[in-house]
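What follows is a short report on a single structure.
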Amino acid sequence: MDNGERFDTSRMKRSHWAAHFLEGWSVFIQNPLGKAGVGLLILFGLMAAASVIPPWIDPMYRPMTGVDPEIVRSVGPSLKHWLGTDFMGRDLFSQLLAGARIAFMVGVSAAFMTVVLGTAIGMTAGYMGRTVDTLLMRLADIIMVMPTLLFVLMLAALFGQLNIWTIVLIIGLFRWPGVSRVIRSQTLSLKQRPFIEAARVAGASHLRIIFRHIMPNVLPLSFLYMTFRVTSAITIEAALAFLGFGDPGTVSWGMMLQWVWKTGHMFKAPYWLLPPGICISLITLSFYMLGRAMDEVLDPRLRKEEDA
Amino acid sequence: MPEPILKLEEVSKTYRTKGSMFGGRAAGLVKALQCVSLEVLKGEIFGLVGESGSGKTTAGRLIVKLESPESGRVLLNGEVLSTLRGRRLKAYRRRVQMIFQDPYQSLNPQLSIYESVVEPITIHRLAAGRERMERVLSMIQTVGLSPPESFVNRYPHQLSGGQRQRVAIARAMVLEPDFVVADEPTSMLDASYSAKIFNIILEMRKRFGITILFITHSLAAARYLCDRIAVIYRGHLMEVGTAAEVIHHPLHPYTRALIDALPKFGLAEQIPRYNTLLEEERAGVEAVGCPFFMRCRKAHRTQCGREVPGLEPVGPGRFVACFFPGNGGGAGGKGS
Ligand SMILES: Nc1ncnc2c1ncn2[C@@H]1O[C@H](COP(=O)(O)OP(=O)(O)OP(=O)(O)O)[C@@H](O)[C@H]1O
Ligand code: SF4
Ligand SMILES: [Mg+2]
């Protein structure tokens, strides 16, 4: 901003967003779904953060490479291995903690990609209209009907094991159409609103209208969609890993399930099978609850802004 | 006589309505403006008066180039609007501004008052730094939001409708334009607030010498504010003249009907009733005649039903589109 202004516009901007956020947060946290979702996520967040601790205590707690030399098979919980060990004597609890980190990483980065792509494409289609709109939305239709999982499986079959970031990239490239449809329709209705026309009359360029006037009004919606996309990204990664197409270099919960299955412990080692299964269900559930609660917070506010 | 700054030459605009598949509405054409010609003189406030749906906003949108005419030309200072592109269009955007009807919709809810008013200056790079800020503050002061420092940090939802409309006026005026379209700027506000907004508009004209096209459905507002007015009905101009003449000596049956509809507040004796409106609309009207034919008491069945009356001069600066203007309906013919 300019030097010497009598009031600080950037600080004021921050406080505007802060006020919006606090107002939203107070509604949000009163919502039982929101409360449960946030609680669970804090728990998983702690798990992810704690994943660095066991390997630091003893190298045998390294989730991937650490093996307890005294045990080289799967045994049940003990004081030394709280959840027991896997088929080659690796600590399951350490793996579970590391899995939380991977889940966040995959979920959030894939969701971020989908949402950035979906928002950009949706705004472009809605704002430009005509041919651009038709082309982008046909493309969205085509991608939407392609089953992501099947496609990744085919890629994996073609190129061998996929790196975890490749998986994230593919999820991102495949899941934007849903977001872009919502953002497009929001953009279409914003485009008709007089404040956009006022900006045009003032001489604003298309880029200015998109970034200055449309984007701040669709971002809350994008953010909402991000939480739902986290859920689907985590599920896809888990399914891939379980089917044996995950990144062999990472310990995700899906990977753990795949090892249970492949080594024939499915019905013999509930201490190994249940924790990752429960974690996958709970983390997707918690992001879903977060999204639903956010939906309830955002919706009336979006409506209020519309007729305020 | 001052020269015209804005000219509309036989401008027509038709909207294509989609029609809803389930609502039973057929797709169709709405002729929002039909062969409208008018001139607005430099420095005047020109009123465009008509009922809802008569095409007033459409005319305003054509002038600020939010819409293009289907046929005919719009000229500002001799420049034809449809030829403007790129840099010349941007220069045009600096000179011509619009105040929108609904102040609840015309400000971006995510921008502070300062950000809304400063934007046009930033776009046209008219000033920067301290000077830019001073311009915004002084404009906010001019529209009556005082002290300006206490308003700049607020957001639209923290202001009343009238205050928002003042911000919208400030945003339009901060560019010091030559021409402003004010589209019913008070129709969404309390009646008591209208006079304040009118006075701001008058003040703006005095201070910056701006020419204003003032769109309204109220003859009373037009009388208060305007130098000249044009009465529009279903996309056709019906009558043009100075505000005083048109309102005190209306010649067109439709203008007379509008004046009949004004509230009288016990002044019935001073205001003649013209009684030019039919109680029941004529049925089975061909679309070829006078647009007012179905509601006109004075209509001559053969002539008015078959021909469209052109906007003809009936005196200096006075135009009427009627085969039987003025007399014949009888001014003061109370309860005929
Ligand atoms: N974008 C559009 N698409 C289709 N029809 C339209 C559109 N805009 C206006 N119209 C139609 O054109 C006609 C004139 O509309 P306009 O908005 O110019 O009227 P107005 O005189 O401003 O009315 P009001 O006093 O209600 O604002 C109306 O019949 C309206 O339904
Ligand atoms: S032309 Fe005929 S129908 Fe039209 S306003 Fe005049 S008298 Fe009435
Ligand atoms: Mg209008």
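On a predicted model such as this, the values are computed, not experimentally measured, just so you know. A, B, ... follow the sequence lines: proteins, then strands. Residue 1 opens every chain.
Counting heavy atoms of neighbouring residues, nucleotides and ligands inside a 6.0 Å radius, atom NZ of B/K7 does not exceed 12 of them. Other residues, nucleotides and ligands contribute only 12 or fewer heavy atoms inside 6.0 Å of the CZ atom of A/F211. Counting heavy-atom neighbours within 6.0 Å of B/F46 CZ, excluding the residue itself, gives a total above 12. Counting heavy atoms of neighbouring residues, nucleotides and ligands inside a 6.0 Å radius, atom NZ of A/K191 exceeds 12 of them. The 12-atom threshold is not exceeded at CZ of A/R292, counting heavy atoms of other residues, nucleotides or ligands nearer than 6.0 Å.
With hydrogens and angles disregarded, a donor-acceptor distance shorter than 3.5 Å links the side chain of B/Q97 to the backbone of A/V201. For B/H124 (side chain) and A/A202 (main-chain N/O), a donor-acceptor pair under 3.5 Å exists by modelled atom type.
To the nearest 0.5 Å, the span separating CG on A/L219 from CD on B/Q110 amounts to 9.0 Å. Once rounded to the nearest 0.5 Å, the distance linking CZ of A/R200 with CG of B/L66 reads 5.0 Å.
Here the side chains of A/R212 and B/E115 are in contact, with some heavy-atom distance below 4.5 Å. Residues A/R208 and B/E119 form a side-chain contact, since some pair of their non-hydrogen atoms from C-beta on lies under 4.5 Å apart. Side chains of A/N217 and B/N108 form a contact here, defined as non-hydrogen atoms less than 4.5 Å apart. The shortest distance between side-chain heavy atoms of A/F195 and B/L111 does not fall below 4.5 Å.
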Listed pairs under 3.5 Å, donor-acceptor, residues 167-178 of chain B side chains, sequence neighbours left out:
from: B/R171; atom 1: NH1; to: B/S106; atom 2: O; distance (Å): 3.0
from: B/R171; atom 1: NH2; to: B/S106; atom 2: O; distance (Å): 2.9
from: B/D178; atom 1: OD2; to: B/R95; atom 2: NE; distance (Å): 3.4

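Interface remark: of the candidates A/A204, A/A199, A/S205, A/A204 forms the most heavy-atom pairs closer than 4.5 Å to chain B.
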* Assess whether side chain to side chain contact (heavy atoms under 4.5 Å, CB included) is satisfied between B/R61 and A/E197, documenting all intermediate values. => CA-CA 10 Å; B/R61 292 170 61 86; A/E197 299 194 321; 2.7 Å; yes

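Qualifying ring-ring contact (aromatic ring centres under 6.0 Å, His included) partners for A/H206, counting only residues two or more places apart in sequence or in other chains: A/Y127.
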